[in-house]
Amino acid sequence: MSARAADVVMLVVSELVTNARTYAPGPYRLTLEVQDGCVEVSVWDSNPTPPSSCRPTRYPFRTAVTLRGARERS
C-alpha cells in the first residue's frame with residue numbers, strides 16, 4: 001500500500017470512529033483487515049438509527065475510497 005493510500009485509510013478510520021464516539025449511545029467496534037494489498041475498514045456502533053445519506057463530494061486526488069478500503073488507481 002502506498003503512503004498516500006495509507007493516509008486516506010487513516011483519515012477514513014478517524015472520521016468513522018469520531019462519528020461513532022460522537023453519536024453512538026454506547027459501545028462501538030472498529031475492524032481492519034488487510035488482504036492482497038486492500039484494506040477493509042468496518043465500524044459498528046450501538047446507535048439503532050441508520051446513518052442518513054449525504055451527497056458525494058469530489059476530491060482532487062486519484063485515490064479510490066470505498067467502504068471496503070482504499071487503493072491507488074493506476
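These numbers come from a predicted model, not from an experiment.
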Asks: Between CG of Leu32 and CE of Met10, what distance do you get to the nearest 0.5 Å?
Replies: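 Atom-to-atom, Leu32:CG and Met10:CE are 11.5 Å apart.
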Asks: Answer yes or no: is there a donor N or O on one side and an acceptor on the other, between the side chain of Ser46 and the main chain of Pro27, under 3.5 Å?
Replies: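 Here the side-chain-to-backbone pair exists.
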Asks: Locate the shortest heavy-atom distance separating Ala5 from Ser2; write the atom from each residue and the value.
Replies: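 Heavy-atom minimum between the residues: N-OG, 3.1 Å.
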Asks: Testing Asp45, Val43, Leu16 for side-chain contact (heavy atoms from CB on, under 4.5 Å) with Leu30, which one passes?
Replies: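 Of the listed residues Asp45, Val43, Leu16, the side-chain contact (heavy atoms from CB on, under 4.5 Å) partner of Leu30 is Val43.
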Asks: Verify the cluster assignment for Tyr23 and Val17: are they in a single hydrophobic cluster under the rule of side-chain heavy atoms below 4.5 Å apart?
Replies: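 Each belongs to a different hydrophobic cluster.
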Asks: Is Val8 reachable from Val34 through a run of hydrophobic residues whose side-chain heavy atoms are each under 4.5 Å from the next?
Replies: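 Val34 and Val8: one cluster.
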Asks: Nearest 0.5 angstrom please: Asp7 CG to Arg4 CZ, how far?
Replies: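 CZ of Arg4 is found 9.0 Å from CG of Asp7.
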Asks: Please tell me if the side chains of Val41 and Val9 come closer than 4.5 Å, counting only heavy atoms from C-beta onward.
Replies: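 Heavy-atom side-chain distance check passes, below 4.5 Å.
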